[in-house]
Amino acid sequence: MSGRGRMQHELTELAGRAYVQLSAADAPLGTEEHFMELVALAWETGESRFLLLAGGVAPEFFDLNTGLAGAALQKLSNYELRLALVVPDQAALPERFKEFVTETNRGRTFGVFTGTEQ
């Protein structure tokens with residue numbers, strides 16, 4: 001793996017569903033290997049849903065030219081994991097990423113939300 005060490009996390013419940021919430025104290029997820037660490041964490045916790053604040057992913061994730069978002073979501077999909085990303089100021093996202101979010105929010109693998117109340 002990437003040498004990040006064990007991902008800091010806690011189990012939380014929102015709207016009656018359990019999530020693994022990743023700690024903001026960890027370095028942001030910025031490589032495909034980092035997203036593979038979610039697979040290991042899912043096996044460890046027995047949970048397939050993850051909750052992550054926007055600061056928990058590297059800026060490269062929001063730049064579709066890097067391919068990181070697509071590769072990460074493919075990994076999540078392959079392992080039937082779900083990721084909810086909380087981005088309070090979605091207006092600040094790049095236009096292409098907003099278009100990407102419109103498409104991915106229709107599916108079950110990845111969703112972007114403005115808060116945890118949704």
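Values in this document were obtained by computation on a predicted structure and should not be read as measured data.
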Taking C-beta and beyond as the side chain, do Val39 and Leu81 meet within less than 4.5 Å on heavy atoms? yes

Closest non-hydrogen atom pair, [X] against [Y]:
| X | Y | value |
| --- | --- | --- |
| Leu68 | Gly30 | CD2-O, 3.5 Å |
| Leu22 | His9 | CD2-CB, 4.1 Å |
| Asn105 | Gly111 | OD1-CA, 2.9 Å |

Is it true that atom OH of Tyr79 has more than 12 heavy atoms of other residues, nucleotides or ligands lying nearer than 6.0 Å? no

Quick check: are there more than 12 heavy atoms from other residues, nucleotides or ligands sitting under 6.0 Å from CD of Glu80? no

Expected list for residues 48-63: side-chain donor-acceptor pairs under 3.5 angstrom, two or more places apart:
residue	atom	partner	partner atom	Å
Asp63	OD1	Asn65	N	3.0

Worked check of side-chain contact (heavy atoms from CB on, under 4.5 Å) between Phe113 and Leu14: CA-CA 13 Å; Phe113 305 91; Leu14 295 171; over 6 Å; no

Spatial distance of atom CD (Gln21) from atom OG1 (Thr12) [nearest 0.5 Å]: 5.5 Å

To the nearest 0.5 Å, atom CZ of Phe97 lies from atom CD of Gln90 at 9.0 Å

Is there a side-chain contact (heavy atoms from CB on, under 4.5 Å) between Val87 and Thr114? Walk through the geometry before answering. CA-CA 5 Å; Val87 181; Thr114 54; over 6 Å; no

Residues Glu95 and Lys98 bridged, charged N to O under 4.0 Å: yes

